[in-house]
Asks: 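What follows is a single structure, and I will ask about it in a moment.
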2 protein chains.
Amino acid sequence: MAHKPPTLEEIAKAAGVSRSTVSRVINDEPNVRPEVRQRVWQVVEAMGYHPNAAARSLVSRRSQTLGVIIPQTVNTVFADPFLPNVLRGIADAANEHKYHLMLSMVSRPLEEDFYRRALRSQMLDGVVILSAFLDDPLIPRLLRDRIPFVTIGRHPHEPAASYVDADNVRGARMATEHLLRQGRRRVATITGPASMIAGLDRREGYQAALREADLPLDENLIAEGDFTEAGGYVAMQQLLLQEPDAVFVANDLMAIGALRAIRQVGRRVPDDVALVGFDDAQIAAYADPPLTTVRQPVYELGDTAINLLVRLIEPVGSLRGYETQDSLRAILPTELVIRASCGAQRRSA
Amino acid sequence: MAHKPPTLEEIAKAAGVSRSTVSRVINDEPNVRPEVRQRVWQVVEAMGYHPNAAARSLVSRRSQTLGVIIPQTVNTVFADPFLPNVLRGIADAANEHKYHLMLSMVSRPLEEDFYRRALRSQMLDGVVILSAFLDDPLIPRLLRDRIPFVTIGRHPHEPAASYVDADNVRGARMATEHLLRQGRRRVATITGPASMIAGLDRREGYQAALREADLPLDENLIAEGDFTEAGGYVAMQQLLLQEPDAVFVANDLMAIGALRAIRQVGRRVPDDVALVGFDDAQIAAYADPPLTTVRQPVYELGDTAINLLVRLIEPVGSLRGYETQDSLRAILPTELVIRASCGAQRRSA
DNA sequence: CGTTATTATGGGAGCGCTCCCAAAACCACT
DNA sequence: AGTGGTTTTGGGAGCGCTCCCATAATAACG
């Protein structure tokens with residue numbers, strides 16, 4: 001790389017054509033003679049030319065960059081291998097669409113700063129937000145500023161918001177039904193916080209399964225957790241007073257805590273209490289007994305988010321997607337992963 | 001936000017001054033009368049002005065953006081809560097220095113594409129690379145193209161490369177010494193792959209501890225793993241033939257595999273075989289028995305990487321850091337986390 | 001071989017900013 | 001009031017590109 005990278009004009013001179021022609025060639029536009037096109041490409045390669053992104057986006061008003069906003073709470077809130085996988089999905093899809101990714105991983109107070117620096121300074125064509133809480137303050141702002149965005153985590157109360165989410169309701173229902181199929185009748189649940197969409201949805205799925213089975217909805221069999229191990233432990237201690245024979249736990253980390261609480265009072269899993277978790281976190285597979293859980297398509301969540309976002313951004317006709325159409329939404333299927341904690345397997349290693 | 005964001009010139013007109021004066025105000029430059037400065041700020045606020053990043057970096061030749069390159073192998077290679085934590089460290093530090101972050105998480109073939117698109121098109125002022133393998137092909141390229149970079153994971157053979165890493169040698173040595181202190185004498189190790197710096201360094205620390213204790217270095221007590229659970233399982237099966245009374249396992253995931261292998265032949269941990277892992281992954285705390293391990297300052301790794309990178313980039317006098325000084329390096333301390341698998345604790349919960 | 005339609009090429013303008021230099025305004029002191 | 005110095009302000013130039021329009025070259029046709 002030369003100390004100063006070559007410019008369009010320099011390539012043009014070297015190739016004996018004009019700036020405009022070189023521009024046409026590198027942008028794959030028509031109306032260039034094949035031989036000229038080829039000659040220009042040769043010079044471009046030889047001189048190691050690459051268009052300056054700043055100049056390009058200054059005039060085209062597009063940065064070819066998408067923002068990814070990850071709340072600081074990511075560690076506690078998202079199940080363990082979640083972030084790497086969702087990021088891979090996001091990165092692969094962005095790459096495919098020739099977009100770059102700008103990462104924002106900041107706490108609430110700094111979020112404001114990022115909002116101004118990156119979004120308002122027109123560095124970003126759109127954003128993907130890992131949004132777990134119902135009342136994310138960013139959503140109304142983005143809506144107001146007409147910035148295209150997709151949330152990972154659904155926002156049912158914002159009709160204009162586009163989102164992608166796992167089918168938490170269905171996943172929770174499958175998990176609960178699975179416990180019922182094992183003959184369990186006092187099925188309790190440890191929910192996530194009511195401030196989180198996933199928490200509510202998984203609770204909803206649990207209740208739907210009971211309703212369908214014509215079982216009573218006993219409020220005493222519902223304990224609210226906070227998605228942490230300690231929270232699961234405490235919630236389980238409380239539930240044990242009700243003597244449930246099975247518990248659907250809204251995430252694996254809490255299930256680990258529940259396991260600890262159950263074992264502490266001398267009960268056995270799954271013999272006395274069957275357990276199903278959610279997320280298929282890494283710990284689930286290595287827990288003792290290995291945890292039956294619900295797997296979400298994490299990679300696909302990221303992948304789909306970007307695909308929706310690009311549809312929102314890229315012009316359809318002369319209009320941008322978000323001007324022509326309603327919000328885009330996708331709910332991806334979840335899948336039950338049967339291991340030992342639910343009692344469906346008889347002794348496995 | 002107006003449909004078309006205001007420009008410098010528009011602010012200038014509204015405030016009754018010139019473009020240059022507004023520029024001085026928003027860049028906090030001297031030589032503006034305080035009353036004018038205040039008036040300009042008012043107009044800026046009122047009109048919701050924010051400087052256009054593309055225009056700025058076009059003329060200043062600085063993007064205020066740093067790249068973060070994460071190899072696709074991140075899932076298997078880096079211990080579980082590693083990525084979120086290192087990213088938080090990176091993000092916080094970048095924020096503090098007013099830099100944006102561009103994320104690249106691509107497989108090898110696409111890495112080339114990213115290299116050209118982002119680095120060559122001058123979108124990036126520098127890059128941080130999560131670099132676990134000794135022979136990372138990106139390093140010589142970055143060196144050649146004189147792009148400022150810092151690797152997370154040391155590269156001992158590249159004298160010009162700047163890096164930050166955990167003190168793997170010392171951590172491994174502490175772990176092994178700890179086992180020796182428990183009275184264990186046949187201490188084996190399961191290493192990481194020899195192609196990875198951390199693998200080699202941890203092996204080196206293990207050997208140093210044995211040497212210091214005047215114990216023989218028995219090659220039969222060294223098994224190479226690949227940092228996966230299955231790899232740890234296989235390696236442990238092999239080691240069991242040598243009847244070790246303790247094993248230092250180079251990461252927690254392999255330690256989980258080792259645990260499984262040990263239990264399978266009816267041996268007990270820590271009574272028959274004591275175990276120490278590395279990384280302090282989430283599974284370590286919840287394993288049965290809880291794993292003694294070595295904690296790395298993951299957040300600080302990210303934080304320090306950015307701080308070094310900024311020192312490399314920002315001008316000292318009129319020269320850029322990487323023109324004036326040698327490479328910058330930092331090795332951060334690791335810490336032994338004592339739990340039950342090493343036999344140092346008598347029964348805990 | 002003109003005349004018109006079509007394709008290929010060149011160059012001006014301008015995106016929104018920073019940098020630089022010249023001009024204006026203000027400030028001492030003689 | 002005059003001189004030299006400093007601080008404050010304004011505007012031109014230009015960063016490297018895309019967009020648009022004018023012109024040149026070529027093709028198509030009577």
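We name chains A, B, ... by the order of the sequence lines, and we start the count at 1 in each one. In this text, all values refer to a predicted model and were calculated from it rather than measured experimentally.
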Asks: So, does A/T7 get its side chain near the phosphate of D/dG16, meaning an N or O under 4.0 Å from OP1 or OP2?
Replies: no
Asks: Check DNA chain C against residues 20-42 of chain A and give the residues with a non-hydrogen atom under 4.0 Å, in numerical order.
Replies: A/S20, A/T21, A/R24, A/N31, A/V32, A/R33, A/V36
Asks: Name the one of A/V32, A/I11, A/I26 that satisfies side chain to side chain contact (heavy atoms under 4.5 Å, CB included) with A/T21?
Replies: A/V32
Asks: Could you tell me the separation between the CZ atom of B/R19 and the OG1 atom of B/T7, rounded to the nearest 0.5 Å?
Replies: 10.0 Å
Asks: Just N and O in the side chain of A/K13: are any of them under 4.0 Å from OP1 or OP2 of C/dG10?
Replies: no
Asks: Check whether the side chain of B/R61 and the base of D/dG16 form a donor-acceptor pair under 3.5 Å.
Replies: no
Asks: Looking at CZ of B/R56 and CZ of B/R62, how far apart are the two atoms once the value is rounded to the nearest 0.5 Å?
Replies: 12.0 Å
Asks: May I ask you to test the B/F149-B/V128 pair for a side-chain heavy-atom distance under 4.5 Å?
Replies: no
Asks: Can you work out whether B/G16 or A/A54 has the more 5'-proximal nearest nucleotide on DNA chain D?
Replies: B/G16
Asks: Is there a side-chain contact between B/R56 and the phosphate of C/dT18, meaning an N or O under 4.0 Å from OP1 or OP2?
Replies: yes
Asks: Can you see whether B/Y115 has B/R120 sitting over its ring - NZ or CZ less than 6.0 Å from the centre and within 45° of the normal?
Replies: no
Asks: For residues A/I306 and A/I90, report the shortest heavy-atom separation together with the two atoms involved.
Replies: CG1-O, 3.6 Å
Asks: Output the rounded distance in Å from CD (B/Q64) to P (C/dC17).
Replies: 16 Å
